[in-house]
Amino acid sequence: LFGSTSFWCRMATTSPYADQDFKSVVESARQLYLEGKQTFYEANVHLSEPVYGRICSSRKGEPPAKLTANPNRKTAFIFGSDAIASIVLRNNAYDTLLRLGFTRDYLYYDIIVQKCSSWLFLFKSPACRRDDFLVAPATWDGVEAVLRALYPDALPDFVLHRAQLVETSYESFEQEAGFKFLESRKMLDAAIAGGVHVGGGPPYCSYEHFRSLPRPRKAWQVRLFLYCELRLLELFSGDGHTYMDDGTPGCKEYLCTNVDIADFDPMQSALIPLDVHVPDQNP
């Protein structure tokens with residue numbers, strides 16, 4: 001699961017492992033579980049403190065600077081303490097990402113095509129030192145709260161189409177749009193480079209692009225904006241949990257403000273490189 005060149009930060013804790021750094025806490029619990037000396041429940045007790053997690057992405061193997069690879073994004077998805085033990089103890093990295101709601105196509109594009117590196121970032125709930133750091137459940141109410149705070153110009157369109165967004169399948173929105181939303185996601189690099197659509201696919205629907213669309217904006221355009229900018233991907237359900245592509249529910253998930261990794265107290269956070277082995281062929 002973990003890369004061989006992990007950078008671990010010491011993390012404040014009140015667990016029985018209080019005199020160990022966070023790397024030792026995780027590795028000790030995992031080893032005891034694998035050796036059959038601790039049950040999954042017993043190991044989970046030591047790893048179930050109020051900790052949030054985020055799968056971060058970066059280029060060229062360098063540690064990520066922000067929670068998201070796109071510095072212009074205002075939000076990021078994080079998962080709660082209920083997922084930490086399961087991720088650390090049971091799953092390999094690829095299975096972990098699937099369990100957290102990433103699709104196989106998305107992972108193939110991000111890791112194989114874009115050659116991005118994946119990282120697990122863990123932090124305690126008070127670790128961020130910014131007063132404007134927000135966390136909201138990944139529900140439709142949470143999405144509305146995030147839009148109200150960070151994307152106010154998109155809020156009226158969301159409110160107008162909310163019922164349709166909740167009730168209509170993701171596939172139906174793609175059919176109405178006439179293209180796969182992932183194709184718009186692939187234009188992200190061009191959007192970061194200059195914010196200008198250079199051809200080759202539908203433009204990345206950033207906040208700026210969404211505001212440039214003529215009114216009245218359609219429901220599928222709102223869904224595309226949420227896909228691109230907030231990363232409400234195919235499997236987003238709006239009930240506050242991740243889902244795998246077979247419909248299996250995963251862990252609790254949240255939306256938070258996209259901030260710098262350096263904004264977190266290094267005594268209460270840990271950045272861990274992941275070795276993700278994606279199947280050779282695009283499914």
### Task
Would you give the length of the straight line joining atom CD of Glu174 to atom CD of Glu183, rounded to the nearest 0.5 angstrom?
9.5 Å
### Query
Can you tell me how far the CG atom of Leu182 sits from the OH atom of Tyr106, to the nearest 0.5 Å?
8.5 Å
### Task
Look at atom NZ of Lys66 and say whether more than 12 heavy atoms of other residues, nucleotides or ligands are closer to it than 6.0 Å.
yes
#### Entry: Test item: Pro203 and His209 side chains (from C-beta on) under 4.5 Å apart, heavy atoms
yes
### Query
Under the 3.5 angstrom rule, does the side chain of Ser118 hit a backbone N or O of Leu274 as a donor-acceptor pair?
no
### Query
When the ring planes of Tyr151 and Phe225 are compared, do they come out parallel, tilted or perpendicular, using 30° and 60° as the limits?
perpendicular
### Message
Do Arg217 and Phe210 form a cation-pi contact, if we require the NZ or CZ to be under 6.0 Å from the six-membered ring centre and within 45 degrees of the ring's axis?
### Response
yes
### Message
Please verify the inter-ring angle class for Tyr254 with Tyr52; under 30° counts as parallel, over 60° as perpendicular, anything in between as tilted.
### Response
perpendicular
### Message
Apply side chain to side chain contact (heavy atoms under 4.5 Å, CB included) to residues Leu165 and Trp220 and explain how you reach the verdict.
### Response
CA-CA 8 Å; Leu165 292 168; Trp220 73 262; over 6 Å; no
### Task
Enter the distance from Cys56:SG to Leu67:CG here, rounded to the nearest 0.5 Å.
5.5 Å
### Query
For the side chain of Asn258 and the backbone of Ala76, is there at least one donor-acceptor N/O pair under 3.5 Å apart?
no
### Near-ring test Phe264/Phe133, centroid separation under 6.0 angstrom
yes
### Task
Indicate, with yes or no, if Leu235 and Val278 share a hydrophobic cluster defined by side-chain heavy-atom contacts under 4.5 Å among Ile, Leu, Val, Met, Phe, Trp and Tyr.
no
### Query
Has the side chain of Tyr207 got a donor or acceptor atom that lies under 3.5 Å from a matching backbone atom of Glu229?
no
### Message
Is it the case that the side chain of Thr257 and the backbone of Val259 share a donor-acceptor pair, with hydrogens and angles ignored and the cut-off at 3.5 Å?
### Response
no
### Task
For Thr168 and Gln164, indicate whether the former's side chain and the latter's backbone hold a donor-acceptor pair under 3.5 Å.
yes
### Query
How far apart are the C-alpha atoms of Asp239 and Thr139, what are their side-chain angles, what is the distance that settles it, and do they pass the side chain to side chain contact (heavy atoms under 4.5 Å, CB included) test?
CA-CA 5 Å; Asp239 69 357; Thr139 60; 5.8 Å; no
### Query
When you look at Glu171 and Gln175, which way does the side chain to side chain donor-acceptor pair (under 3.5 Å) test go after all the steps?
CA-CA 6 Å; Glu171 291 77 15; Gln175 291 176 1; over 6 Å; no
### Task
Would you sort out whether Phe123 and Phe121 count as a ring-ring contact (aromatic ring centres under 6.0 Å, His included), showing the intermediate values?
CA-CA 7 Å; Phe123 62 95; Phe121 181 59; 5.6 Å; yes
### Query
Is Leu160 reachable from Leu232 through a run of hydrophobic residues whose side-chain heavy atoms are each under 4.5 Å from the next?
no
### Task
Determine yes or no for a side-chain-to-main-chain donor-acceptor pair under 3.5 angstrom, with Lys74 supplying the side chain and Leu150 the backbone.
yes
### Query
Between Tyr204, Phe173, Tyr170, Phe236, which is the residue that forms a ring-ring contact (aromatic ring centres under 6.0 Å, His included) with Phe181?
Tyr170
### Query
Does the side chain of Asp141 come within less than 4.5 Å of Val143's, by heavy atoms?
no
### Summary
Rounded to the nearest 0.5 angstrom, the OG-CD1 distance for Ser117 and Ile111 is 9.0 Å
#### Entry: Residues Arg223, Asp157: salt bridge by 4.0 Å N-O rule
no
#### Entry: Verdict with reasoning, Arg185 to Asp110, per side chain to side chain contact (heavy atoms under 4.5 Å, CB included)
CA-CA 10 Å; Arg185 159 70 175 84; Asp110 199 53; 3.2 Å; yes
### Query
Can Leu147 be reached from Val159 by stepping across I, L, V, M, F, W or Y side chains whose heavy atoms are under 4.5 Å apart?
yes
### Message
Let's go through Cys116 and Arg59 carefully: what are the C-alpha distance in whole Å and the side-chain angles of both, what is the deciding distance for side chain to side chain contact (heavy atoms under 4.5 Å, CB included) to 0.1 Å, and is it a yes or a no?
### Response
CA-CA 5 Å; Cys116 291; Arg59 300 291 178 84; 3.2 Å; yes
### Task
Spell out, yes or no, whether Ile261 and Val135 are grouped together once hydrophobic residues are joined by side-chain heavy atoms under 4.5 Å, including indirect joins.
yes
### Query
With no hydrogens and no angle check, is any side-chain donor or acceptor of Gln221 less than 3.5 Å from a backbone partner on Lys218?
yes
### Query
Any chance CG of Asp131 has more than 12 other-residue heavy atoms, nucleotides or ligands included, within less than 6.0 Å?
no
### Task
Using atom types as modelled and distance alone, determine if a side-chain donor or acceptor of Thr248 lies under 3.5 Å from a backbone N or O of Met244.
no
### Message
Grouping I, L, V, M, F, W and Y whenever their side-chain heavy atoms are under 4.5 Å apart, do Tyr243 and Ile55 come out in a common cluster?
### Response
no
### Message
Does Arg148 have more than 12 heavy atoms from other residues, nucleotides or ligands lying within 6.0 Å of its CZ?
### Response
no
### Task
Indicate yes or no: at least one non-hydrogen side-chain atom of Val113 is less than 4.5 angstrom from one of Tyr108.
yes
### Task
Dump the intermediate steps for side chain to side chain donor-acceptor pair (under 3.5 Å) on Ser57 and Trp119, then the final yes or no.
CA-CA 6 Å; Ser57 183; Trp119 303 73; over 6 Å; no
### Query
Salt bridge or not for Arg129 and Asp263, using N-O below 4.0 Å?
no
#### Entry: Test: Arg162 and Glu144 ion pair at under 4.0 Å
yes
### Message
Main chain of Asn72, side chain of Asn70: is a donor-acceptor contact present, judged purely on distance under 3.5 Å?
### Response
yes
### Query
Say you draw a straight line from CG of Leu134 to OG1 of Thr75; how long is it, rounded to the nearest 0.5 Å?
11.0 Å
### Phe77: ring-ring contact (aromatic ring centres under 6.0 Å, His included) partners, not counting sequence neighbours
none
### Task
Rounded to the nearest 0.5 Å, what's the gap from CG on Asp245 to CD on Glu234? Could you check?
9.5 Å
